[in-house]
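In what follows, a single structure is set out as structure tokens and then discussed.
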Amino acid sequence: QVQLVESGGGLVQAGGSLRLSCVASGRPLSSYGMAWFRQAPGKAQEFVAASSWNSGNTYHGDSVRGRFKMSRDDAKNTVYLQMNSLKLEDTAVYYCAAQSMSDSYYWDSRRKYDYWGQGTQVTVSS
């Protein structure tokens, strides 16, 4: 089992930046593909970014590509989401998730993720 705890959310003006962190405990982070998802009020959960195990390839959703950047530090058992040029529509609860290593990495499929954090609120104001 792995436990995930997100932090770094808050209130920021449009155009500003935030960095989210997700610390994992219980198992080495290197055994997991990691991802960020978000959910805005009244909307479905949306894929934001992912980082695969081993090679550490990263993937970013269309709505955030070029503005957000995911990274991971397996030595610190932590993944990050650097969010720049924030927009009003980025307002959501952001969740960190872990997918156990297997033959394939379904990086944008929330159903394939085994463990989830409690979420951290990001609010972008005008």
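Given the structure is predicted, the values throughout are model-derived calculations rather than measurements.
At distances below 3.5 Å, at least one donor-acceptor pair connects side-chain atoms of Arg72 with backbone N or O atoms of Ser51. Remark: side-chain polar atoms of Gln121 are not paired, donor with acceptor, to backbone N or O of Gly9 under 3.5 angstrom. The backbone N or O of Ser25 lies less than 3.5 Å from no partner atom in the side chain of Asn77, so there is not a single donor-acceptor pair. Although no hydrogens or angles enter the test, the distance criterion places no donor-acceptor pair under 3.5 Å between the side chain of Gln45 and the main chain of Gln39. A donor-acceptor pair is defined here as one N or O able to donate and one able to accept, closer than 3.5 Å; such a pair exists between the side chain of Arg65 and the backbone of His60. Formation of a donor-acceptor pair under 3.5 Å by the Ser109 side chain with backbone atoms of Tyr106 is not found in this model. Side-chain atoms of Asp114 come within 3.5 Å of backbone atoms of Ser100 as a donor-acceptor pair (strictly under, hydrogens ignored).
Separation of atoms CG (Leu29) and CG (Asp74) is listed at 5.0 Å; rounding is to 0.5 Å. Atom CD of Glu89 and atom OG of Ser63 lie 8.5 Å apart (nearest 0.5 Å). The OG atom of Ser7 sits 8.5 Å away from atom CD of Gln118, with the distance rounded to the nearest 0.5 Å. Between atom CD of residue Glu46 and atom CG of residue Asp108 there is a gap of 11.5 Å, rounded to the nearest 0.5 Å.
Under the 4.5 Å side-chain heavy-atom criterion for Ile, Leu, Val, Met, Phe, Trp and Tyr, Leu4 and Val93 are members of distinct hydrophobic clusters. Residues Val64 and Val122 share a single hydrophobic cluster, defined by chaining ILVMFWY side chains whose heavy atoms lie under 4.5 Å apart. If you chain together hydrophobic residues whose side chains sit under 4.5 Å apart, Met70 and Tyr95 never meet in one group. Hydrophobic clustering (ILVMFWY, side-chain heavy atoms < 4.5 Å, transitive): Tyr80 and Leu20 are in distinct clusters. Clustering ILVMFWY residues whenever any of their side-chain heavy atoms sit less than 4.5 angstrom apart, transitively, puts Leu11 in a cluster other than the one holding Leu88.
The aromatic rings of Trp107 and Tyr59 sit parallel, their planes meeting at an angle under 30°, below the 60° perpendicular limit. Ring planes of Tyr115 and Tyr32: perpendicular class, angle over 60° (limits at 30 and 60°). Note: Tyr113 and Phe37 have perpendicular aromatic rings, judged against thresholds of 30 and 60 degrees for the angle between ring planes.
Of all heavy-atom pairs between Ala92 and Ala40, the closest is CB-N, 3.8 Å. Minimum heavy-atom separation, Glu6 to Gly119: OE1-N, 2.9 Å.
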- prompt: What do the steps show when you test Ser17 against Asn84 for side-chain hydrogen bond (donor to acceptor under 3.5 Å, both in side chains), and what is the final call?
  reply: CA-CA 4 Å; Ser17 298; Asn84 299 325; 2.9 Å; yes
task: Check the pair Asp90, Lys87 against salt bridge (charged side-chain N to carboxylate O under 4.0 Å, His left out), reporting the backbone distance first and the verdict last.
output: CA-CA 5 Å; Asp90 294 319; Lys87 304 176 180 180; over 6 Å; no
message: Could you go through Leu81 and Val48, starting from their C-alpha distance and side-chain angles, then the distance that decides it, and tell me whether this counts as side-chain contact (heavy atoms from CB on, under 4.5 Å)?
response: CA-CA 9 Å; Leu81 183 67; Val48 176; 4.0 Å; yes
message: I'd like to know whether Cys96 forms a side-chain contact (heavy atoms from CB on, under 4.5 Å) with Met34, so could you lay out the CA-CA distance, the side-chain angles of the two residues, the decisive distance to 0.1 Å, and finally the verdict.
response: CA-CA 7 Å; Cys96 175; Met34 300 297 296; 3.6 Å; yes
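Checked by atom type, the side-chain pair Arg38/Tyr94 shows a donor-acceptor distance below 3.5 Å. A donor and an acceptor atom, one from each side chain of Ser52 and Asn57, are nowhere located under 3.5 Å apart.
Counting heavy atoms from C-beta outward, Lys112 and Arg110 have side chains that stay 4.5 Å or more apart.
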